[in-house]
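In listed order, ligands and their atoms are each counted from 1. One-based numbering along the sequence shown.
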Amino acid sequence: MPKSKPSAIKDFIAGGVGGVCTVVAGHPLDTVKVRLQTMPKALPGQPPMFTGTFDCLAKTVRKEGFFGLYKGMAAPITGVAPIFAICFLGFGIGKRLQQKHENEELTYFQLFKAGMLAGVFTTVIMAPGERIKCLLQIQQEANVNERKYKGPVDCAKKIYKEGGIRSVYRGTMATLLRDVPATGAYFTSYEWLQRVLTPEGHDRSEMSIWRTLFAGGMAGIFNWSVAIPPDVLKSRLQTAPHGMYPNGVRDVFKHIIKEEGVMSLYKGFTPIMLRAFPANAACFLGYEVCLKFLNWAAPGL
Ligand SMILES: CC(=O)O[C@H](CC(=O)[O-])C[N+](C)(C)C
C-alpha cells in the first residue's frame with residue numbers, strides 16, 4: 001500500500017480522538033493524584049487526610065461513590081480533546097519544519113525538538129484547563145449545593161471575577177516547565193519504541209495493536225518521569241488561595257522545599273504512574289486507529 005501523505009488536519013482530528021481515550025481511561029487516577037498533591041499538611045498528632053493512593057481511592061469511593069472519581073471530568077473531556085488535537089498537530093508541524101523532504105526520517109533529537117514545540121502549543125489551553133480541573137477535583141463536599149464551584153463554567157466565571165485573566169492563567173510558567181520537556185520525552189520515546197519494536201523488513205506504519213499499546217503506555221511513563229516535580233508545583237499554585245504565592249512558581253518551590261522537603265515534589269507518584277500507562281496506551285491506540293481510518297476514508301484530506 002502506498003504511504004499516506006502527512007496531514008495537519010488528520011493529526012488534529014486523530015489527536016483529539018486520542019485525547020478523549022486518555023481521559024476516559026485515566027481520569028479516576030488523575031483525581032487521586034490531585035487530591036494527594038493538594039491535601040493539607042497533617043497537624044501534629046493528627047493522621048493525614050489520605051495515607052496513600054489506595055486509601056484515597058477507598059475513601060473517595062466510600063464517601064462520594066464510584067463517580068466521585070470522575071469528578072471534574074467534563075472540563076478535561078472538553079479541554080483535553082483540543083489539547084491533544086493541538087499537541088499532535090504541533091508535533092506534526094515540528095517534524096515537518098525540520099524535514100528536507102516528506103519521507104525523511106528524523107533523528108531522536110529532532111523528534112524531541114518537535115515534541116517541545118507541541119508542549120508550547122498546548123500550554124495556551126492546558127494552563128487554564130488544568131487550573132479549572134484541579135479546583136474542581138479538590139472539592140470534597142458530598143452535597144453539590146455546598147460546593148464553591150458547581151462546574152467548569154461556573155469555576156471559570158468565578159476565578160475570572162476574582163482576579164481576571166491573570167487568575168484564569170495562573171500556573172502558566174509551571175505548565176510550560178512541565179510540558180515542554182515532558183512532551184519532548186513523550187513523542188521521542190513513542191517513536192523510539194515503535195522503531196525498535198518493528199520487525200526487520202516491516203514498515204513502522206504497519207500498525208500492530210500490541211506494539212502501539214506498549215509504546216504509547218511507555219511514552220506516558222517517560223512523560224511523567226520528567227513531569228512530576230513541575231506538576232506538583234503547578235497543582236499547588238493553581239489551587240492556592242489568591243495572593244498566597246505572589247512570585248508564582250518560585251515561591252511554591254521555596255515553600256515546598258522548606259516546609260515539606262524535596263520528596264514532596266514526588267507527591268502523587270503512584271497514582272500518576274498507575275494512570276500513565278493505560279491512559280497513554282489508550283491515547284496512542286485511539287490516535288493510530290483514527291489516523292488509519294482517515295487515511296482510508298479521506299486519503300486526500
Ligand atoms: C500532562 C499531560 O496531559 O500529559 C499528557 C499525557 C497524559 O498522561 O495525560 C502528554 N501530553 C502533555 C504530551 C499531552
When Tyr108, Phe284, Phe88 are each screened for ring pair (Phe, Tyr, Trp, His ring centres under 6.0 Å) with Tyr190, the one that passes is Phe284

Are Ile9 and Leu294 connected in a single hydrophobic cluster, I mean Ile/Leu/Val/Met/Phe/Trp/Tyr linked by side-chain heavy atoms less than 4.5 Å apart? yes

Under the salt bridge (charged side-chain N to carboxylate O under 4.0 Å, His left out) rule, what do Lys95 and Glu104 come out as? Steps first, then yes or no, please. CA-CA 10 Å; Lys95 279 194 297 186; Glu104 183 185 345; over 6 Å; no

Electrostatic pair Lys148:Asp154 at N-O distance under 4.0 angstrom: no

Kindly print each ligand 1 N/O atom paired with any protein N/O atom under 3.5 angstrom away, one pair per line, or none if nothing qualifies.
unit_1   : atom_1 : unit_2 : atom_2 : d
ligand 1 : 8 (O)  : Trp224 : NE1    : 2.8
ligand 1 : 8 (O)  : Arg275 : NH1    : 2.8
ligand 1 : 8 (O)  : Arg275 : NH2    : 3.4
ligand 1 : 8 (O)  : Asn280 : ND2    : 2.9
ligand 1 : 9 (O)  : Arg275 : NH2    : 2.9

Any side-chain heavy atom of Cys87 sitting closer than 4.5 Å to one from Phe121? no

Determine whether a donor-acceptor pair (N or O, by modelled atom type, separation under 3.5 Å) exists between the side chain of Arg170 and the backbone of Leu237. yes

